[in-house]
Amino acid sequence: MNIPMLDLKGQYLKIKNEIDTSIQEVVDSCSFINGPAVHSFEKSLAAYLDSRFVSGCANGTDALQIAMMALELKPGDEVIVPAFTFAATAEVVGLLGLVPVLVDVDEQTFNISVQDIEKSISPKTKAIVPVHLFGQAAPMEQIMKIAKAHSLYVVEDNAQALGAKYKFSDGTEKFLGTIGDIGCTSFFPTKNLGCYGDGGAIFTQNSKIAARIKMVTDHGQKVKYHHDIIGCNSRLDSIQAAILDVKLKYLDSYSAARQKAAGVYRELLRDVKEVRLPQESDYSNHVYHQFTICVQKRDQLREFLATKGIASMTYYPLSLNKQKAFKEISVTRVSLANSEKFANDVLSLPMHTELDLDIQQVICNAIKEFYNN
Ligand SMILES: *Cc1c(COP(=O)(O)O)cnc(C)c1O
């Protein structure tokens with residue numbers, strides 16, 4: 001038995017002809033850099049998200065870095081980030097000489113705590129980076145209110161929840177990534193919309209910020225070879241854009257497949273008292289980048305599943321305050337108890353668009369066997 005976390009091959013084979021044709025078109029055109037495929041995909045994604053501006057870039061980490069650069073944050077400025085996330089969220093903050101201010105996450109949703117954001121704001125605070133972790137929205141309505149009250153920027157790290165929407169209290173809905181001043185995403189192959197290499201994108205609704213983003217991603221130039229600011233070189237590859245333009249059409253069906261698989265896990269694991277199932281918030285649909293449970297004896301369970309050929313992963317085994325890289329440069333003004341607890345008890349089960357009931361039964365039976373029920 002071999003049950004992997006992912007099945008990228010199975011997903012590819014279902015749309016192989018379309019993908020192969022679109023790759024071949026780019027190769028035939030030789031427009032490898034900033035070719036028509038890039039503009040076409042940016043337009044498609046902007047239409048899908050109902051976002052005024054979409055700009056491709058090289059990866060999700062770059063997207064976050066470019067966002068901070070476009071907002072003209074200065075060394076020493078504080079940026080509030082959750083302590084329970086992938087390191088990239090805070091890494092770019094440190095890289096630019098800004099100060100990551102770590103706050104805790106909610107014990108139900110894994111997402112950034114609104115109360116902690118309020119407690120952590122100082123005169124130096126310039127931005128908040130909510131992460132829509134595991135495929136579900138951070139509490140954006142409250143975050144936007146706090147940001148407005150304190151004149152802070154909001155940069156959404158939407159690497160894990162592309163295609164999910166936020167429902168505001170007045171009934172309006174917006175795609176995640178289009179609510180804050182800037183939204184960032186990643187097209188890393190394992191993300192919900194994955195390409196066949198590295199890729200990322202940045203969204204904004206503000207034309208001034210959009211112009212700044214364009215400049216930063218293109219060596220700080222507006223006019224060729226006239227460099228006004230220090231920028232970088234970060235582009236979405238034409239071949240990746242062509243692949244993404246095909247896959248975007250399937251994103252909603254991919255989200256639906258993940259939601260269906262999540263429903264099956266819920267049903268099969270409902271009565272296992274040692275397992276805490278992921279909580280869905282009432283203001284967002286969950287697109288299940290990960291199906292993450294909290295369990296007793298996590299590491300033993302993981303080993304037990306591995307002996308049966310069943311993959312599982314711990315995202316993330318250390319909260320950022322426990323990471324060497326962040327010890328010296330980060331600031332913490334609140335308790336990070338939930339983040340530290342999750343690092344010890346979260347386990348992500350196989351989750352992808354090609355999961356079927358038989359596989360999920362094997363996984364869940366093994367979990368039940370481990371807990372003897
Ligand atoms: C994947 C991910 C990133 C980084 O994206 P890359 O394309 O790998 O650089 C950033 N933040 C979060 C939350 C992620 O999951």
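Note that the numbering runs from 1 along the sequence shown for the chain. Computed from a predicted model, the values in this text were never measured in an experiment. Order of appearance sets the numbers: ligands from 1, and atoms from 1 within every ligand. The analysis underlying the following values was restricted to heavy atoms, covering all of them including side chains, and did not include hydrogens, waters or symmetry mates.
Annotation: cation-pi pair K165/F175 present, NZ/CZ under 6.0 Å from the ring centroid and within 45° of its normal.
Residue-ligand proximity, V131 to ligand 1, at heavy-atom distances under 4.0 Å covers atoms 13 (C). Near A88, meaning under 4.0 Å from any of its heavy atoms, are these atoms of ligand 1: 10 (C). Residue contact check: S186 has heavy atoms under 4.0 Å from atoms 5 (O), 6 (P), 7 (O) of ligand 1.
Judged by distance alone, the side chain of Y371 and the main-chain N or O of Q296 form a donor-acceptor pair under 3.5 Å.
At least one heavy atom of K191 lies less than 4.0 angstrom from ligand 1.
Residue N59 touches ligand 1 through backbone and side chain together, judged by heavy-atom distances below 4.0 Å. Using a 4.0 Å cut-off between heavy atoms, D157 contacts ligand 1 through its side chain alone, with no backbone atom that close.
For atom 3 (C) of ligand 1, the nearest protein heavy atom (residue, atom name, distance) is F86 CD2, 3.7 Å.
Counting heavy atoms of neighbouring residues, nucleotides and ligands inside a 6.0 Å radius, atom NZ of K327 exceeds 12 of them.
Separation of the Y316 and F342 ring centroids does not fall under the 6.0 Å cut-off.
Taking only nitrogen or oxygen atoms, main chain and side chain alike, Y316 does not reach within less than 3.5 Å of ligand 1. Between T61 and ligand 1, at least one N/O pair is under 3.5 Å apart.
Of the N and O atoms on the side chains of T109 and Q136, not one donor lies less than 3.5 Å from an acceptor on the other residue.
K14 pairs by the salt bridge (charged side-chain N to carboxylate O under 4.0 Å, His left out) definition with E354, not counting sequence neighbours. Every residue was checked against the side-chain hydrogen bond (donor to acceptor under 3.5 Å, both in side chains) condition with D198, not counting sequence neighbours, and none meets it.
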